[in-house]
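Heavy-atom basis, side chains included; hydrogens, waters and symmetry copies ignored.
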Amino acid sequence: MKPHTILRKGRSAMSGTQVNEMNWLRRFMYGRYGQDEFSIALVALTLLLSMICVFIPVYWVRLISMVPFGYYIFRTLSRNIAARRKENRWFLGWFRPIVRWFQDKIKMLRQRKTHRFFKCKGCGQVLRVPKGRGKLEITCPRCKNRMIRKT
């Protein structure tokens, strides 16, 4: 006999055994921390170290590549949600500025044909000015420092 098929709106058909398997997983993961940005970064680090292992076939490098994955499994299955959130906050505290720096550089790279970017000597604010306007007096909106620059 065919297993009973359940049709749900907007989803593909799932057999009864598949639904039971998903319920088992849901029950198992109930009350556990799951994934967050730190967990995803641990998986990415594991993949990076594993790719390095392909080029450097040393046994201890392979072992080191498994440490982040083990910690990822520990964090995902942990029931101590407060501690995992604290770890994620710590990770995002130093990771977000790095991501923001790269995003700013990409944004500046995309706008390099239409705008020039200058850094204020008073406060370090990056100022964006349209290109091709000749010499302009630029006033920093943060510290009101004035400078004359060629665009």
Side-chain angles (χ1 to χ4, degrees), residues 2-3 5-132 138 140-143 145 147 149-151:
K2 274 183 143 179
T5 303
I6 299 172
L7 293 175
R8 294 185 179 173
K9 188 176 181 180
R11 294 186 182 178
S12 61
M14 292 175 59
S15 69
T17 56
Q18 289 172 328
V19 170
N20 288 338
E21 289 172 6
M22 291 299 292
N23 285 337
W24 173 85
L25 183 61
R26 282 190 192 110
R27 283 192 308 271
F28 177 74
M29 290 303 290
Y30 184 78
R32 298 183 188 273
Y33 187 66
Q35 293 187 358
D36 58 7
E37 292 88 353
F38 189 28
S39 298
I40 294 168
L42 287 170
V43 170
L45 178 63
T46 301
L47 291 173
L48 178 70
L49 291 173
S50 296
M51 287 191 307
I52 291 173
C53 287
V54 171
F55 300 111
I56 305 172
V58 180
Y59 182 72
W60 60 269
V61 175
R62 185 169 292 138
L63 285 176
I64 290 174
S65 72
M66 289 294 115
V67 170
F69 188 70
Y71 192 56
Y72 160 77
I73 296 291
F74 166 75
R75 282 180 48 79
T76 302
L77 299 178
S78 174
R79 290 185 184 260
N80 190 351
I81 294 173
R84 303 296 85 82
R85 283 185 181 161
K86 185 177 177 183
E87 292 169 356
N88 191 47
R89 254 185 272 122
W90 169 82
F91 170 74
L92 291 176
W94 70 264
F95 188 69
R96 277 187 184 148
I98 296 170
V99 170
R100 197 173 308 120
W101 183 85
F102 277 106
Q103 288 173 341
D104 289 346
K105 294 302 174 188
I106 290 169
K107 186 171 138 184
M108 288 170 65
L109 191 65
R110 286 184 182 155
Q111 296 178 0
R112 71 182 183 274
K113 291 183 179 180
T114 58
H115 292 84
R116 292 275 317 258
F117 295 89
F118 300 103
K119 198 171 215 176
C120 175
K121 293 181 179 175
C123 63
Q125 173 80 23
V126 177
L127 307 170
R128 186 179 79 140
V129 181
K131 250 186 182 179
I138 305 165
C140 176
R142 187 187 284 177
C143 68
N145 187 19
M147 59 187 121
R149 297 281 191 258
K150 181 182 174 192
T151 63

Check: By ring-ring contact (aromatic ring centres under 6.0 Å, His included), which residues pair with Phe118, not counting sequence neighbours?
Finding: none

Check: Given side chains that start at C-beta, do those of Pro141 and Leu127 come closer than 4.5 Å, heavy atoms only?
Finding: yes

Checklist line | Under the side-chain contact (heavy atoms from CB on, under 4.5 Å) test, residues paired with Leu47 that sit two or more places apart | finding: Val43

Next item on the list: Could you note down all residue pairs passing salt bridge (Lys or Arg N to Asp or Glu O under 4.0 Å) where residues 86-100 supplies at least one of them, sequence neighbours left out?
Entry: Arg75-Glu87, Arg84-Glu87

Item checked: Side chains of Leu92 and Glu37 in contact at under 4.5 Å (non-hydrogen atoms) -> yes

Next item on the list: Could you list all the salt bridge (Lys or Arg N to Asp or Glu O under 4.0 Å) pairs where at least one residue sits in residues 43-52, not counting sequence neighbours?
Entry: none

Notebook entry, point to check: Do other residues, nucleotides or ligands put more than 12 heavy atoms under 6.0 Å from Arg85 CZ?
Noted result: no

Check: If we only count heavy atoms from C-beta on, is the Phe117 to Asp104 side-chain gap below 4.5 Å?
Finding: no

Please output the side-chain donor-acceptor pairs of residues 108-115 that fall under 3.5 Å, not counting sequence neighbours, one pair per line with the distance.
from: Gln111; atom 1: OE1; to: Arg128; atom 2: NH1; distance (Å): 3.1
from: Arg112; atom 1: NH1; to: Leu109; atom 2: O; distance (Å): 2.7
from: Thr114; atom 1: OG1; to: Gln111; atom 2: O; distance (Å): 3.4

Margin query: I need the minimum non-hydrogen distance between Cys140 and Cys143, along with the two atoms involved.
Written below: SG-N, 3.6 Å

Next item on the list: Report the residues that fulfil ring-ring contact (aromatic ring centres under 6.0 Å, His included) with Phe91, sequence neighbours left out, ordered by chain and then residue number.
Entry: Phe38, Trp94, Phe95

Notebook entry, point to check: Taking atom OG of Ser39 and atom CG of Asn88, what is their separation to the nearest 0.5 Å?
Noted result: 7.5 Å

Expected list for residues 59-70: side-chain donor-acceptor pairs under 3.5 angstrom, two or more places apart:
from: Ser65; atom 1: OG; to: Arg62; atom 2: O; distance (Å): 2.6

Next item on the list: Verify, without hydrogens or angle tests, whether Thr76 (side chain) and Tyr72 (backbone) share a donor-acceptor contact under 3.5 angstrom.
Entry: yes

Note to self: Would you compute the distance between atom SG of Cys53 and atom CG of Leu48 and round it to the nearest 0.5 angstrom?
What the structure shows: 10.0 Å

